[in-house]
Amino acid sequence: CWVCLVFVGMPDLQWLDLRGNALTRISEKTLPSTTLRYLDVSENYNLDRTTVFQPFENLVELNIAKNAELAPAVLGSGPRLQALDASHTNLTEVPVTPAPLLGSLILSGNAIKAVNSGDLDGFPLLHLLNISANRITMVEEDAFGRLDLLIVLDLSDNLLETVPKSLPGSLEKLNLEGNKIQNLGVEDFEGCKRLKILNVRKNNIRYIQDLAFASLLFLDVLDLSENPIEMITREMLTGPVRLKVLKLEGLMAPKTPTFPFTDTRYLNRIQLAYSKHLAAILLNDSAVLSSLFQLEYLDLTECDVVSLPSRLPYHMPKIKTLMLNELRCIESWLRDWLCEIHASEDQRYKLSNTELRLRNYRPKKHQTHPTHPT
């Protein structure tokens with residue numbers, strides 16, 4: 001076969017990329033199995049299910065993504081394997097493949113319905129696990145409990161109705177976007193004291209228990225967008241004192257009495273697009289506005305904001321980007337504010353990196369009228 005001919009005379013080959021071809025089968029007879037360390041056979045689509053990888057005992061990275069015919073059993077053991085991408089391979093369960101050095105496992109885009117206790121015991125050094133875009137409805141309580149080094153866990157676009165239990169204390173990034181989670185409680189994240197990024201966007205969350213995020217003292221990014229929450233109180237968001245990015249986009253939250261976040265010492269980005277009620281509350285809360293001295297980015301698009309508080313420059317001295325749809329008029333203080341920002345950083349006629357952007361705003365050109373002779 002052509003594969004045999006191509007690699008004749010290359011006994012020391014270590015890195016091989018065969019992505020996007022029309023391979024139907026590979027074996028130790030066609031490839032230098034004893035020397036290969038990096039092998040990519042993704043996007044061949046028709047690799048035969050009899051293909052085996054056991055003889056490639058020195059592989060460090062293996063990518064078999066988008067090969068729909070591969071069965072989970074073919075993965076074999078990987079004594080030196082550190083990264084495996086088996087996404088879009090029609091897996092129906094987590095492959096039980098002992099790989100003691102595996103650090104990165106990608107299983108996205110498969111048909112896995114459950115993660116059971118013990119499924120991941122063969123990967124004690126795992127630090128990244130991506131099981132997004134599957135059909136997971138159930139995660140057994142101790143399924144992730146023994147992954148003491150796990151840093152990134154992506155369970156987005158599944159069918160989970162609750163936050164999985166026994167999340168590792170080492171976790172720094174948790175993505176639960178696009179599930180069916182209905183409530184968030186204190187016990188859901190109390191063991192994740194190192195968590196820095198939490199995304200629960202686009203679920204069915206209607207209720208958040210007070211102090212649900214109280215243990216997340218190092219949280220940098222919180223995304224609660226696109227959930228049917230009727231009311232968000234300050235007690236619900238109490239805890240993440242170091243929060244830098246707060247995303248509350250696409251929230252009706254009609255019963256919310258006051259802007260729900262007050263620990264603004266480190267906050268530099270607020271995204272409220274399509275959240276009209278929350279935007280109105282924020283712009284009318286002088287106490288919260290006066291504490292946003294670190295804010296650099298504020299998105300108020302599709303929030304029906306037609307005017308801005310005149311003291312905004314004093315409240316937000318570090319603002320770089322303000323996103324709006326339109327203003328009824330550009331008042332003198334806002335025009336002056338723009339001039340000050342551009343004048344201070346646009347000394348050489350370059351685009352200022354602290355410009356105030358008004359989305360879809362186009363200033364009208366001044367019309368010149370002919371002067372009439374006196």
Side-chain angles (χ1 to χ4, degrees), residues 83 87 103-108 115 120 126-134 136 139 143-145 147-158 160 162-181 183-205 208-209 211-227 229 232 236-251 260-273 275 278 294-299 321:
S87 56
S104 173
L105 178 59
I106 302 176
L107 302 173
S108 61
V115 183
L120 300 164
L126 207 60
H127 58 80
L128 182 151
L129 177 59
N130 184 342
I131 323 181
S132 61
N134 276 269
I136 299 173
V139 175
F144 305 121
L147 298 177
D148 296 331
L149 301 179
L150 194 65
I151 296 175
V152 178
L153 176 58
D154 191 342
L155 286 164
S156 60
D157 297 317
N158 278 288
L160 294 171
T162 60
V163 176
K165 306 298 182 185
S166 301
L167 293 173
S170 56
L171 211 57
E172 295 183 8
K173 181 177 180 179
L174 177 59
N175 188 356
L176 295 170
E177 179 179 346
N179 278 276
K180 296 185 176 183
I181 298 171
N183 302 308
L184 297 179
V186 173
E187 296 181 354
D188 288 335
F189 308 110
E190 63 180 358
C192 305
K193 298 187 183 299
R194 298 182 184 180
L195 202 62
K196 295 181 180 179
I197 301 175
L198 175 58
N199 183 359
V200 291
R201 188 186 191 104
K202 207 172 183 180
N203 276 270
N204 290 333
I205 299 172
I208 301 174
Q209 186 179 3
L211 306 178
F213 310 113
S215 61
L216 306 181
L217 301 180
F218 298 99
L219 196 67
D220 289 332
V221 180
L222 176 60
D223 192 345
L224 295 172
S225 305
E226 298 183 71
N227 279 291
I229 308 172
I232 309 176
M236 291 177 182
L237 301 190
T238 297
V241 295
R242 292 181 171 271
L243 199 68
K244 296 177 182 177
V245 179
L246 179 60
K247 300 181 182 182
L248 301 174
E249 300 175 304
L251 295 179
F261 193 77
T262 57
D263 250 319
T264 56
R265 286 171 287 176
Y266 299 92
L267 203 60
N268 60 34
R269 187 182 183 104
I270 300 178
Q271 296 179 207
L272 298 176
S275 296
L278 294 179
Q294 296 290 345
L295 199 69
E296 298 180 0
Y297 185 104
L298 177 60
D299 188 352
T321 304

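Because the structure is predicted, anything quoted here is derived from the model rather than measured. Numbers here are sequence positions counted from 1.
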CA sep, side-chain torsions, deciding dist, call: Asp154, Leu128, side-chain contact (heavy atoms from CB on, under 4.5 Å): CA-CA 8 Å; Asp154 191 342; Leu128 182 151; over 6 Å; no
Tyr266 six-ring face occupied by Arg242 cation (under 6.0 Å, within 45°): yes
Side-chain heavy-atom pair Phe213, Leu198 within 4.5 angstrom cut-off: yes
Atom pair CD (Glu226) and CD1 (Ile205), whose distance is rounded to the nearest 0.5 Å: 11.5 Å
Between CG on residue Asn227 and CD1 on residue Ile208, distance to nearest 0.5 Å: 7.5 Å
Flag side-chain contact, heavy atom, 4.5 Å: Cys192 against Leu216: yes
Nearest heavy-atom neighbours spanning Ile229 and Ile232: CG2-CG1, 3.7 Å
Stepwise side-chain contact (heavy atoms from CB on, under 4.5 Å) test for Leu217 and Lys193: CA-CA 7 Å; Leu217 301 180; Lys193 298 187 183 299; over 6 Å; no
Atom of His127, atom of Ser104 and distance for their closest heavy-atom approach: NE2-N, 4.4 Å
Minimal non-hydrogen separation, Ser275 against Gly250, with atom names: OG-N, 3.1 Å
Backbone N/O of Leu150 and side chain of Ser170: donor-acceptor pair under 3.5 Å: yes
Where Asn158 and Ala133 come nearest, the two heavy atoms and their spacing: ND2-N, 4.0 Å
With Asp188 via salt bridge (charged side-chain N to carboxylate O under 4.0 Å, His left out) - residues at least two apart: Lys165
Least distance between heavy atoms, Ala143 atom then Leu120 atom: O-CD1, 3.8 Å
Contact check, side chains of Asn130 and Leu107, non-hydrogen atoms, under 4.5 Å: no
Test side-chain contact (heavy atoms from CB on, under 4.5 Å) applied to Gln209 - qualifying residues, sequence neighbours left out: Val186, Tyr207
Separation between OG of Ser156 and CG of Asn179, rounded to the nearest 0.5 Å: 7.5 Å
Test side-chain contact (heavy atoms from CB on, under 4.5 Å) applied to Glu172 and Phe218, step by step: CA-CA 9 Å; Glu172 295 183 8; Phe218 298 99; over 6 Å; no
Separation between CG of Leu174 and CZ of Phe144, rounded to the nearest 0.5 Å: 9.0 Å
Sequence-distant partners of Glu249, salt bridge (charged side-chain N to carboxylate O under 4.0 Å, His left out), two or more places apart: Arg201
Member of Leu224, Leu243, Asp263, Thr262 meeting the side-chain contact (heavy atoms from CB on, under 4.5 Å) criterion with Leu237: Leu224
Least distance between heavy atoms, Ser225 atom then Leu251 atom: C-CD2, 4.1 Å
Heavy-atom side-chain contact between Phe189 and Leu184 under 4.5 Å: yes
From CD (Glu177) to CG (Asn203), nearest 0.5 Å: 8.5 Å
Beyond-backbone contact of Pro164 with Leu176, side-chain heavy atoms, under 4.5 angstrom: yes
Nearest-0.5 Å distance that lies between atom CG in Leu155 and atom CG in Asn134: 9.0 Å
